[in-house]
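Structure first, then comments.
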There are 2 protein chains.
Amino acid sequence: MTRQRAAVLSVVSRKGCHYTAEEIFTEAKLILPTISRATVYNSLHALERDRLIRRITAEDSSDRYDSSYIPHGHLYCTRCAKITDFELPSFTEHLCAVADGEIDSYELKVRYICKECKKMVETPKM
Amino acid sequence: MTRQRAAVLSVVSRKGCHYTAEEIFTEAKLILPTISRATVYNSLHALERDRLIRRITAEDSSDRYDSSYIPHGHLYCTRCAKITDFELPSFTEHLCAVADGEIDSYELKVRYICKECKKMVETPKM
DNA sequence: TCATTTTTTAGAATCAGTCTAAAAATATTA
DNA sequence: TAATATTTTTAGACTGATTCTAAAAAATGA
């Protein structure tokens with residue numbers, strides 16, 4: 001665990017955040033001004049390999065990172081792009097039976113329209 | 001629904017396949033030799049917008065497409081990269097409560113090592 | 001038909017992510 | 001500690017998936 005990796009981990013670990021690699025790079029530079037983009041990518045891969053963070057994919061272009069590798073769900077608002085974590089009922093056993101193999105981890109992706117966006121879309125006068 | 005979109009849809013609809021855009025382009029050219037890459041991307045976006053196909057993201061670089069928009073699970077083997085569909089127990093109601101918003105669709109991504117790969121990895125003599 | 005709109009095409013452009021090779025840091029061994 | 005080996009970092013070039021652009025073609029509709 002180098003200083004660079006620690007910096008990257010500290011950024012990703014911020015509560016409730018799901019940053020892109022570019023955002024992590026920007027934030028990490030505030031901690032270690034000389035850190036390079038390649039090191040951010042290297043660190044993200046190493047941290048993911050070591051199960052300290054998890055890569056997730058939103059519907060847009062770039063990958064994002066989550067501070068927890070523990071299986072959980074993500075709500076993706078299709079209007080404002082906000083990502084929210086939520087706890088999953090544990091169905092590891094059920095999945096093991098379905099998968100007929102060794103489960104590493106899982107994630108439930110839910111596309112939805114969040115409460116705020118739904119409110120905005122509602123047009124009571126029409 | 002143009003000829004091009006129909007061709008793209010027919011390729012994506014092949015049973016059990018989870019093609020990349022490039023693979024879809026290759027296959028679509030066998031049906032309509034003059035079809036262009038941009039049209040394949042346009043068509044994929046239009047078909048996804050109209051809920052006829054679903055975009056999924058494996059762990060590797062490029063997006064893939066699934067012939068069904070109906071919520072279901074995907075098993076991603078981390079060794080051989082094979083993707084397998086599986087049915088999900090319906091928890092739409094539970095999700096609606098959790099999400100506090102309007103659910104569009106959902107997908108359960110499971111990272112695992114499939115039976116065949118696990119067999120290969122096992123080294124009984126050690 | 002004529003005008004309007006949508007779609008397609010080919011190729012250029014973009015952008016996220018990877019690769020490279022040299023420099024720096026770290027670990028190892030004598 | 002000095003010498004050596006290994007790992008990591010850095011900057012920038014490179015790659016490859018996807019998007020953009022502008023002109024041509026096709027579809028729509030008055």
Side-chain angles (χ1 to χ4, degrees), chain A residues 1-12 17-67 74 76 78 81 83 107 109 111, chain B residues 1-12 17-66 74 76 78 81 83 109 111:
Chain A
M1 178 64 70
T2 62
R3 283 178 309 137
Q4 287 82 355
R5 284 185 194 176
V8 168
L9 181 56
S10 79
V11 171
V12 177
C17 295
H18 298 98
Y19 288 137
T20 62
E22 195 62 29
E23 288 163 349
I24 294 163
F25 178 44
T26 302
E27 292 297 315
K29 271 192 291 194
L30 301 177
I31 303 168
L32 290 175
T34 67
I35 197 170
S36 79
R37 203 185 307 271
T39 299
V40 170
Y41 277 99
N42 282 347
S43 300
L44 290 170
H45 293 162
L47 293 167
E48 198 196 8
R49 171 172 38 74
D50 298 342
R51 309 289 197 255
L52 293 171
I53 65 175
R54 171 200 280 280
R55 180 158 62 101
I56 62 176
T57 47
E59 303 299 295
D60 66 348
S61 45
S62 36
D63 291 342
R64 290 172 181 276
Y65 289 86
D66 192 306
S67 60
H74 290 113
Y76 295 83
T78 53
I83 302 176
E107 179 210 358
K109 294 180 71 165
R111 289 166 46 85
Chain B
M1 178 63 69
T2 61
R3 281 179 309 135
Q4 285 83 350
R5 285 186 193 175
V8 168
L9 181 57
S10 79
V11 171
V12 177
C17 293
H18 299 98
Y19 288 138
T20 62
E22 195 61 30
E23 288 164 348
I24 294 162
F25 178 45
T26 303
E27 292 297 315
K29 273 193 290 193
L30 300 177
I31 302 169
L32 289 175
T34 68
I35 197 170
S36 80
R37 202 183 309 269
T39 299
V40 169
Y41 278 98
N42 282 347
S43 300
L44 289 170
H45 293 161
L47 293 167
E48 198 195 7
R49 172 174 37 74
D50 297 343
R51 310 289 197 255
L52 293 171
I53 64 175
R54 169 200 280 280
R55 180 158 62 102
I56 63 175
T57 48
E59 304 301 292
D60 65 348
S61 46
S62 35
D63 290 343
R64 290 172 180 275
Y65 290 86
D66 191 306
H74 290 114
Y76 295 83
T78 54
I83 302 175
K109 291 180 71 163
R111 287 167 46 85

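Within every chain, numbering begins at 1; the chains are lettered A, B, ... in the order of the sequence lines, protein sequences first and strands thereafter.
Between the side chain of B:Lys109 and the backbone N or O of A:Ile56 there is no donor-acceptor pair closer than 3.5 Å.
Rounded to whole angstrom, the span from the CE atom of B:Met1 across to the P atom of D:dT28 amounts to 13 Å.
A rotation axis mapping the C1' atoms of four pairs onto the next four is fitted at both ends of the helix from C:dT1-D:dA30 to C:dA30-D:dT1 over five pairs, and the angle between these axes is 30° to 10 degrees.
Partners of B:His74 by ring-ring contact (aromatic ring centres under 6.0 Å, His included), not counting sequence neighbours, listed by chain and number: B:His18, B:His72.
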(request) Start with the C-alpha gap between A:Thr57 and B:Thr57, add the side-chain angles, then the distance that decides, and say whether side-chain hydrogen bond (donor to acceptor under 3.5 Å, both in side chains) holds. (result) CA-CA 7 Å; A:Thr57 47; B:Thr57 48; 2.7 Å; yes
(request) Before giving the answer on side-chain contact (heavy atoms from CB on, under 4.5 Å), spell out for A:Val8 and A:Ile35 the whole-Å C-alpha distance, their side-chain angles and the decisive distance to 0.1 Å. (result) CA-CA 10 Å; A:Val8 168; A:Ile35 197 170; 4.3 Å; yes
(request) Might you work through the side-chain contact (heavy atoms from CB on, under 4.5 Å) test for A:Val12 and A:Leu44, ending with a clear yes or no? (result) CA-CA 9 Å; A:Val12 177; A:Leu44 290 170; 4.0 Å; yes
(request) Go along nucleotides 7-17 of chain C 5' to 3' and tag each nucleotide: B for a protein heavy atom under 4.0 Å from its base, S when only backbone or sugar atoms are that close, - otherwise. (result) SBBBB----SB
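Within the model, atoms CD of B:Glu27 and CD1 of B:Ile24 stand 9.5 Å from one another, a figure rounded to the nearest 0.5 Å. The distance from the OG1 atom of B:Thr34 to the CZ atom of B:Arg3 is 7.0 Å, given to the nearest 0.5 Å. To the nearest 0.5 Å, atom CG of residue A:Asp50 and atom CE of residue A:Met1 are 7.5 Å apart.
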